[in-house]
Amino acid sequence: MSEQPLNPTPAGSHDADATPAGPARTGSTAADALARTAADDAAAGVTAAAGPTRETTPGEATPDGTAPPGDVTADGSTPGSSMPGDVTADDDALRAASFERARRLRMEPRFPGGPAADPAGSHHERRIRSFQPRRSRVTTGQQESLERLWPQWGLDIDGKRVLDLTELFDGLPVVLEIGFGMGEATAQMAADDPGTGILAVDVHTPGQGNLLGLADKAGSTNVRVANGDAVILLREMLAPESLDGLRVYFPDPWPKARHHKRRLIQPAFLDLVAPVLKPGAIVHCATDWEPYAEQMLEVLTAHPRFENTAADGGYAPRPAFRPLTRFEGQGLDKGHVVHDLLFARV
């Protein structure tokens, strides 16, 4: 959780709480003024030795020629302030330090040596994203897996290098999986097919820890967990024709019409995918959201570098290697129909 910027109370504002700015109160006497404590007098800029005070109307000067407490001068500042709006240089410095501290907290990893909070923060891109990073509770087991296994099996998508997948996966063919949730299906696929490396990408810290723990428990060494934006990975960190497949299972459907632009499967996304896939590599998508399935089919069919493997040009039956995912189960419970799409890169 990021620290919220401070909102300090400017010095010299105590009297604003005690005596609201505006017309003077009626019926005030010298005895009322003398009854105020020395602390209140000091905050109002009046010393105890000054004797009785009287309230003034807005704009009326005090006997020493200064503006009364609570008044605003012509430049918009209050008495005793060196800047308009009663904001001093110290206030600005404190506020800047608070924002800087909050920025550093966003950049720091939740677990030292684990996934970075913002691995590609230096990019500062103004781009519509298909995901919304979310912070949720990390269990003790997930934390232990992150701290122990991330240095060996985890990597940050920082856009600063091109990955050597042959070295990373000891020569195994590699498929990229974008969005794996809590990792149950990914861990099962890795265990069922140890001859295929899975580069699994997500931004959900608990899911990252969970997948690492599941793979470790199963004895699977063919999983690598990547933390960050898959678009940066595809665009800047993968060599041409380095992937043997792409899996996108149950991506966020962004059901509202104004959010459709956030959907992952778009022509521009496929333009990034095609160059990093080997010829014949399979793009496998699955969704339980009917309108999104229709859009996927339309976009993939229209792209010149992909060809539908279904003979009728429609949806494909669920392949045996794709296990029932948690999201799929939830969709089926709601009566949704799940569609698989398998397209080959040509």
Side-chain angles (χ1 to χ4, degrees), residues 130-131 173-202 204 207 211 214 222-223 230-231 233-234 243-255 260 262-274 276-346:
S130 63
F131 63 92
V174 179
V175 298
L176 173 66
E177 182 177 0
I178 299 178
F180 54 80
M182 294 305 293
E184 298 97 337
T186 305
Q188 184 175 335
M189 289 186 290
D192 292 344
D193 185 11
T196 298
I198 301 178
L199 179 57
V201 180
D202 210 305
H204 188 45
L211 174 55
L214 291 172
N222 56 331
V223 177
V231 168
L233 175 71
L234 290 165
L243 291 176
D244 292 85
L246 170 67
R247 297 169 180 171
V248 184
Y249 298 154
F250 303 95
D252 193 326
W254 295 101
H260 286 180
R262 296 186 179 277
R263 289 177 172 175
L264 181 63
I265 307 302
Q266 307 271 8
F269 173 75
L270 296 179
D271 290 341
L272 288 176
V273 169
V276 300
L277 291 176
K278 297 176 182 178
I282 297 296
V283 173
H284 183 191
C285 302
T287 181
D288 66 333
W289 194 258
E290 184 78 25
Y292 197 8
E294 294 171 355
Q295 177 186 326
M296 288 179 175
L297 183 60
E298 178 182 350
V299 170
L300 282 161
T301 301
H303 200 284
R305 301 194 69 177
F306 295 98
E307 184 177 73
N308 198 338
T309 63
D312 62 357
Y315 303 113
R318 178 172 68 89
F321 66 81
R322 182 177 74 76
L324 194 71
T325 69
R326 182 166 60 89
F327 284 105
E328 184 173 4
Q330 293 173 354
L332 292 174
D333 289 342
K334 297 176 182 177
H336 296 178
V337 177
V338 176
H339 293 292
D340 284 75
L341 302 92
L342 284 85
F343 278 72
R345 194 272 215 188
V346 296

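Throughout, residue positions are numbered sequentially from 1 according to the sequence presented.
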Do the side chains of [Y] and [X] get nearer than 4.5 Å, heavy atoms only?
| X | Y | value |
| --- | --- | --- |
| Asp252 | Tyr292 | no |
| Leu234 | Leu176 | yes |
| Leu199 | Leu233 | yes |
| Glu294 | Tyr315 | yes |
| Arg322 | Asp340 | yes |
| Val283 | Arg345 | no |
| Phe321 | Asp193 | no |

Least distance between heavy atoms, [X] atom then [Y] atom:
| X | Y | value |
| --- | --- | --- |
| Gly280 | Ala344 | O-CB, 4.3 Å |
| Gly207 | Phe180 | O-CE1, 3.5 Å |
| Ala293 | Leu341 | O-CD2, 4.2 Å |
| Cys285 | Ile265 | SG-CD1, 4.0 Å |
| Ala286 | Pro251 | O-CD, 3.6 Å |
| Ala187 | Leu214 | CB-CB, 3.7 Å |

Does CD in Glu307 sit with more than 12 non-hydrogen atoms of other residues, nucleotides or ligands closer than 6.0 Å?
->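 Atom CD in Glu307 is not packed in, count stays at 12 or less.
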Does any N or O in the side chain of [X] come within less than 3.5 Å of the main-chain N or O of [Y], such that one atom is a donor and the other an acceptor?
| X | Y | result |
| --- | --- | --- |
| Asp288 | Glu328 | no |
| His284 | Val248 | no |
| Asn222 | Ile198 | no |
| Asp244 | Val174 | yes |

Under the side chain to side chain donor-acceptor pair (under 3.5 Å) test, which residues partner Gln295, sequence neighbours left out?
-> Arg263
Any chance the rings of Phe250 and His336 have centres within less than 6.0 Å?
->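 No, too far apart.
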Using atom types as modelled, flag every donor-acceptor pair under 3.5 Å from a side chain in residues 297-306 to any protein atom, sequence neighbours excluded.
| unit_1 | atom_1 | unit_2 | atom_2 | d |
| --- | --- | --- | --- | --- |
| Thr301 | OG1 | Leu297 | O | 2.6 |
| His303 | ND1 | Arg305 | N | 3.1 |
| His303 | NE2 | Asp271 | OD1 | 2.7 |

Gap separating the [atom1] atom of [X] from the [atom2] atom of [Y], nearest 0.5 angstrom:
| X | Y | atom1 | atom2 | value |
| --- | --- | --- | --- | --- |
| Met296 | Phe343 | CE | CZ | 11.0 Å |
| Glu184 | Leu324 | CD | CG | 11.0 Å |
| Lys278 | Leu243 | NZ | CG | 8.5 Å |
| Leu342 | Thr309 | CG | OG1 | 4.5 Å |

